[in-house]
Number of protein chains: 2
Amino acid sequence: MTTMRDVAEEAGVSVATVSACLSGRRFVSAELKARIADAIATLGYQPDGVARSLKTGSTDLLGLVIPDISNPFFTEFVREVELMAKSYGYATILGDSGYDVATERKMLDLMRQQRVDGVVLCPAGTRRDYRFDEWPENIPLVVVDNAWEDTPFDTIELDNVGAGLAITHHIMGLGHTKIAIIAGPEGNHTSDQRLDGFMRALRNEDIVPPDDFIRHGDFRESGGYQQANALLDLPRRPSAIFVANNNMLIGVMRALHDRHLKVPDDISVASIDDFPWAGAFRPGLTVARQPVGVFAQHALRLIRKRFFEEEETPREQIMLDAELVIRESVRKR
Amino acid sequence: MTTMRDVAEEAGVSVATVSACLSGRRFVSAELKARIADAIATLGYQPDGVARSLKTGSTDLLGLVIPDISNPFFTEFVREVELMAKSYGYATILGDSGYDVATERKMLDLMRQQRVDGVVLCPAGTRRDYRFDEWPENIPLVVVDNAWEDTPFDTIELDNVGAGLAITHHIMGLGHTKIAIIAGPEGNHTSDQRLDGFMRALRNEDIVPPDDFIRHGDFRESGGYQQANALLDLPRRPSAIFVANNNMLIGVMRALHDRHLKVPDDISVASIDDFPWAGAFRPGLTVARQPVGVFAQHALRLIRKRFFEEEETPREQIMLDAELVIRESVRKR
DNA sequence: ATCGATTAGCTAAACGTTTAGCTGGCCCTT
DNA sequence: AAGGGCCAGCTAAACGTTTAGCTAATCGAT
């Protein structure tokens, strides 16, 4: 490999001058600039970021940890974060935890070891699954989507209670009273909040759903499939199902398909998280859409703010509203 | 930050011994091991990967460049690659080029600068869009999915001609003769091959499609939408459409939906690339599935092989078969 | 007892940058 | 003419590891 040393020699200057020329942080005469440029061209020199990182302490690397990239919400989030990161000159290290907290910890550790300039974490677990006293002070970390209350970190999340309320109100507004929910894992913050919104909406109308109607999936397709089947096996079926995320929605649709039940003729379905295919098929799916791009913008803003800030400012807890996208999967009863 | 120096001091040994203890590459007595472990625990020492990388020359970083992460084929590929990478101890740097060759080059340059141990590239462009004479000898690069002929690199791709043939034969086998294709951008290797398979299948049966039936989209949803509309505006419509990738398929479905055309009753549709939702909706979509997991396995195998190999072995050109997944979107005519 | 082989742990030199601080030449001022 | 200020470019010391090569201690064989 050709190093800066070689370039310096070839151009007949010192390494300091080459460095100054490349970084532009110090003045270098036009003549030397030209000689250095020539030397670089003839030798095909390409700078070594690792050495640079060691010396300067910043790697221009960003960590991004998500629980499941095949969930279109996270797919889109990855896309937006990577896009923003790129525009600021960062490269993105991606880690998919597969909703496994141990894997997630390993990823975070790996990223710390790579000395990333910041981490965007969409946590799979709850607060006490992590040992953040060990997290280095100087690496900004922002928690997105499944944010816990009691951390020192900046958080960004949907107003999940509001989204749960909005969806449930929409369903009730079309005359449904026998409404079931397939929530996420118990104890998962996001899931709990969406369930909370659901319950509040029902309570507003003095509806008390049977225990059978409140189900917990795993936020993945298989969980949606299982829980939908459980609901459909009930002697007294719901007329509408609120599914707490899009992957489970797929499973639900598959279960309905298996039983030749038509949406929304036989049963209504609504969910949280839009995705590219939601409008392309029959029936178009009614969902509450998360402002994914805005999530990503805030995430990068916060990381850069922390990275450059001189003295610490209080944590930000950002909460954004969902947008109800009404298509065809909920029908008047 | 606490460094290895601090640990060495605390434990009353040399840095060399600490290093030996941590890496396990040299024998260290049980007593010192314990003292070092204690020192690490009390100081909360965490090793610095950047310094390690500088010295050893390997970063345990893998580059992955794809043209569009929202395409489920690439979503799945990213997932599989990241999973395999993780299992070998690599972290994955992800770059989405957005089908833009300039961005792609920037990503590759960034990755080279980060001294990744290897790169998996799903190129957006054609061979001559790149200047691979500048690519460093010692960073293995494997080209996946849109592989060119004339490179020194290992390649992995679908047998696209075979896939095009299989899909088209399937359609023709159900009695269709007026078959259109929405291919990808002209000059794109993958697209050209799939189109080639399509044409060969038709030629086998002495069918000559009108020029109107051969359309080129951009491999994205909007392209599929536009080209489908163009086809449907034709005075003499096709009875079946072969769509060359899944994202365009979404656009096609949307166009059909807009015109209240039912698949497969009014028109048949088939595509290449399976995706999680293909079977969940009505109609279930008939597709040729790429063995994505196997792609990822080969990619990692090849990168590691090149990284560790003493003397150069000839390039491998791996070509894998698609699997026809027959659902409901193509119907007997 | 002596010599050589073996081995645990140490010293010190890298790896390829950045940057604080120095040098020496030039120009301006008095 | 001498002194001071300024500035382009240089020297050398980091950054936090790894590792070749050395030292000194231990042990067995003669």
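Predicted, not measured: the structure shown is a model, and the values here were computed from it. The chains referred to below are lettered A, B, ... by the order of the sequence lines, with proteins before strands, and numbering in each begins at 1.
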**Prompt:** Can any side-chain N or O of B:D117 pair as donor or acceptor with the backbone N or O of B:D60 at less than 3.5 Å?
**Reply:** yes
**Prompt:** Which whole-number value in Å describes the distance from B:E31 CD to C:dG9 C1'?
**Reply:** 12 Å
**Message:** Can you pull out every salt bridge (charged side-chain N to carboxylate O under 4.0 Å, His left out) where at least one residue sits in residues 87-111 of chain A? Sequence neighbours excluded, please.
**Reply:** A:D109-A:R112
**Contacts of A:L83 that satisfy side-chain contact (heavy atoms from CB on, under 4.5 Å) - sequence neighbours left out** = A:K86
**Message:** Which residues pass the salt bridge (charged side-chain N to carboxylate O under 4.0 Å, His left out) test with A:K55, not counting sequence neighbours?
**Reply:** none
**Request:** Summarise how protein sits on nucleotides 11-19 of chain C as a single string, 5' to 3': B when a protein heavy atom is under 4.0 Å from the base, S for sugar-phosphate-only contact, - for no contact.
**Result:** B--BBBBBB
**Prompt:** How close do B:C21 and B:I36 get, heavy atom to heavy atom, and via which atoms?
**Reply:** CB-CD1, 3.8 Å
**Complete:** To the nearest 10 degrees, the angle between the two end axes of the helix from C:dA1-D:dT30 to C:dT30-D:dA1 (five pairs per end) comes to 60°
**A:C122: partners by side-chain contact (heavy atoms from CB on, under 4.5 Å), with sequence neighbours left out** = A:I66, A:P67, A:F74, A:F77, A:V144
**Request:** Tell me what B:V50 touches on the nucleic acid: a base, only sugar-phosphate, or nothing, going by heavy atoms under 4.0 Å.
**Result:** nothing
**Request:** Could you walk me through whether A:E309 and A:R306 pass the salt bridge (Lys or Arg N to Asp or Glu O under 4.0 Å) test, one step at a time?
**Result:** CA-CA 5 Å; A:E309 84 185 349; A:R306 296 289 173 204; 3.1 Å; yes
**B:R304 charged N/C atom sitting above B:Y88 aromatic ring, 6.0 Å / 45°** = yes
